[in-house]
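See structure below.
All of these numbers come straight from a predicted model, not from anything done at the bench.
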Amino acid sequence: MDSLPLPRSVLRVDIVRSSANGPDRQTFLDGQLKSVVERAVGTALHRLFPKTDVHIRPDGDSMTVLIGPEVPKAWLLADFLLHEFPIALHDVNRRADDKHRLQLRGALDHGETTVNAPHLGGPAVVATARLVDARPLREFVEQNPAQNLGLIISDRFYQDVVTGGERGLDRLVFDRVEFEVKDFRHFGWLFRPDASPERRVA
């Protein structure tokens with residue numbers, strides 16, 4: 001029987017330039033991505049929220065992760081995605097040469113989702129797949145090659161979570177960016193890790 005929709009957070013991560021330098025490198029980076037996601041979920045998320053509902057769908061050079069409502073969304077962004085996840089990513093990259101360093105684009109949203117393994121559905125799943133391909137995010141990672149993770153969040157997540165300022169999110173800078181991907185024309189909020197808090201847009 002198909003599952004009924006449930007509220008979940010949705011994280012989509014894509015490997016930057018995954019197909020460059022041949023299939024062997026691509027296969028290696030796919031494995032590295034799997035290692036990062038499983039390590040971050042296992043050591044940080046499940047350690048604090050052992051009963052939470054997590055579904056991971058690999059799609060070659062990308063992964064979609066659905067996270068249950070037991071995990072506070074402010075913690076998910078501030079503590080997991082902007083702290084624990086980069087630690088796992090750094091741990092993988094410190095053993096890699098420049099050719100095999102893993103750089104990622106990430107997108108975050110939340111909403112009603114369905115799980116009919118291996119299929120994941122819902123507006124937030126579609127939104128993150130479009131957000132992660134947004135030109136402003138692609139340009140950011142291209143212009144900042146030293147950044148292991150470029151991140152964009154949906155307007156829904158920004159308004160519902162970031163503007164509340166919990167977990168220090170009010171000290172972070174997100175720039176409102178407009179974009180169009182396929183049939184999806186909207187805007188999101190691009191995380192600026194090195195920007196001064198005085199630039200924060202309300």
Side-chain angles (χ1 to χ4, degrees), residues 6-14 33 35-56 63-93 102-113 120 122-125 127-129 131-132 134 136-137 140-141 144 146-177 186-202:
L6 291 173
R8 297 181 177 96
S9 297
V10 182
L11 170 65
R12 169 71 178 252
V13 285
D14 279 23
L33 174 60
S35 176
V36 168
V37 171
E38 290 180 348
R39 182 178 305 189
V41 169
T43 61
L45 198 152
H46 273 155
R47 176 170 52 84
L48 292 179
F49 305 96
K51 296 183 180 180
T52 195
D53 180 31
V54 176
H55 298 273
I56 301 174
M63 279 193 172
T64 302
V65 185
L66 268 58
I67 301 159
E70 302 86 357
V71 180
K73 289 184 281 291
W75 180 91
L76 181 65
L77 175 56
D79 297 81
F80 177 75
L81 193 50
L82 295 180
H83 182 67
E84 298 292 346
F85 195 91
I87 289 175
L89 185 52
H90 171 74
D91 286 346
V92 165
N93 277 337
L102 187 64
Q103 188 185 26
L104 302 175
R105 301 190 311 274
L108 186 64
D109 195 6
H110 70 99
E112 296 291 306
T113 61
L120 308 177
V125 175
T128 53
L131 282 161
V132 84
L137 178 60
F140 174 81
V141 297
N144 296 272
Q147 289 286 343
N148 289 333
L149 175 67
L151 177 66
I152 191 171
I153 63 176
S154 69
D155 182 61
R156 174 169 42 207
F157 201 99
Y158 182 87
Q159 301 298 339
D160 291 349
V161 181
V162 175
T163 57
E166 296 180 351
R167 306 299 297 167
L169 290 174
D170 56 337
R171 297 184 293 107
L172 305 180
V173 176
F174 293 84
D175 285 347
R176 185 181 186 271
V177 294
H186 206 52
F187 61 90
W189 295 84
L190 181 66
F191 177 52
R192 298 288 187 178
D194 299 325
S196 168
E198 285 73 24
R199 280 196 55 235
R200 186 174 186 271
V201 179

### Task
Measure from the side-chain N and O atoms of Arg105 to the backbone N and O of Val132, and report whether any donor-acceptor pair falls under 3.5 Å.
yes

### Query
If you measure from CG on Asp155 to NE2 on His186, what distance do you get to the nearest 0.5 Å?
5.5 Å

### Task
Anything under 30° is parallel, anything over 60° is perpendicular, the rest tilted; go ahead and classify Trp75 against Phe49.
perpendicular

### Message
What I'd like to find out is whether the side chain of Leu77 reaches to under 4.5 Å of the side chain of Leu151, using heavy atoms alone.
### Response
yes

### Message
Show the nearest heavy-atom pair for residues Val141 and Gln103, with the distance to one decimal.
### Response
O-NE2, 3.2 Å

### Query
In terms of side-chain heavy atoms, does Asp175 have a donor or acceptor partner in Trp189 at a distance below 3.5 Å?
no

### Message
So does Val161 get a backbone contact from the side chain of Glu166, meaning a donor-acceptor N/O pair under 3.5 Å?
### Response
no

### Task
Mind jotting down which residue pairs meet the side chain to side chain donor-acceptor pair (under 3.5 Å) criterion with at least one end in residues 82-92? Sequence neighbours excluded, please.
none

### Query
How many angstroms lie between atom CG of Asp160 and atom CD1 of Ile153, to the nearest 0.5 angstrom?
10.0 Å

## Note on the structure
CG (Leu131) and CG (Leu108) are apart, to the nearest 0.5 Å, by 9.5 Å

### Query
Could you walk me through whether Phe191 and Leu149 pass the side-chain contact (heavy atoms from CB on, under 4.5 Å) check?
CA-CA 10 Å; Phe191 177 52; Leu149 175 67; over 6 Å; no

### Query
What distance do Ser154 atom OG and Gln159 atom CD have between them, rounded to the nearest 0.5 Å?
9.5 Å

### Query
How many angstroms lie between atom CZ of Arg39 and atom CD1 of Ile87, to the nearest 0.5 angstrom?
11.0 Å

### Message
So, using ring-ring contact (aromatic ring centres under 6.0 Å, His included) as the criterion, who are the partners of Phe157 when residues are at least two apart?
### Response
His110

### Message
Measuring only between side-chain heavy atoms, which start at C-beta, is Leu104 closer than 4.5 Å to Leu33?
### Response
yes

### Arg8 bridged to Asp53 by N-O distance under 4.0 Å
yes

### Salt-bridge contact Arg192-Asp194 (side-chain N to carboxylate O under 4.0 Å)
no

### Query
Is there side-chain contact between Thr64 and Leu11, with at least one heavy-atom pair below 4.5 Å?
no

### Message
Could you report the tightest heavy-atom contact between Gly111 and Ala124, atom names first, then the distance?
### Response
N-CB, 4.0 Å

### Task
With sequence neighbours left out, write down each residue that passes side chain to side chain contact (heavy atoms under 4.5 Å, CB included) with Glu38, or none if nothing qualifies.
Lys34

### Message
Taking side chain to side chain contact (heavy atoms under 4.5 Å, CB included) as the definition, give me every residue that meets it alongside Pro86, ordered by chain and number, with sequence neighbours left out.
### Response
none

### Query
How about Leu66 and Leu120: do any of their side-chain heavy atoms sit closer than 4.5 Å?
yes

### Task
List in chain and number order the residues that pass side chain to side chain contact (heavy atoms under 4.5 Å, CB included) with Glu70, two or more places apart in sequence or in another chain; answer none if no residue qualifies.
Thr52

### Task
Compare every heavy atom of Ala127 with every heavy atom of Arg156, then report the nearest pair and how far apart it is.
NH2-CB, 4.4 Å

### Query
Tell me, do Phe85 and Val37 make a side-chain contact under 4.5 Å, heavy atoms counted?
yes

### Query
If every non-hydrogen atom of Ala78 is compared with every non-hydrogen atom of Leu169, which pair is closest and at what distance?
CB-CD2, 3.7 Å

### Query
Any side-chain heavy-atom pair from Tyr158 and Thr163 closer than 4.5 angstrom?
yes

### Query
Are any of the side-chain heavy atoms of Leu190 and Phe174 separated by less than 4.5 Å?
no

#### Entry: Results of ring-ring contact (aromatic ring centres under 6.0 Å, His included) for Phe80 - residues two or more places apart only
none

### Query
Do Val10 and Ile67 have side chains that get closer than 4.5 Å, going by heavy atoms?
no

#### Entry: Main-chain N/O of Leu102 paired to Asn93 side chain as donor or acceptor, under 3.5 Å
yes

#### Entry: Atom CD of Gln147 with >12 non-hydrogen neighbours under 6.0 angstrom
yes

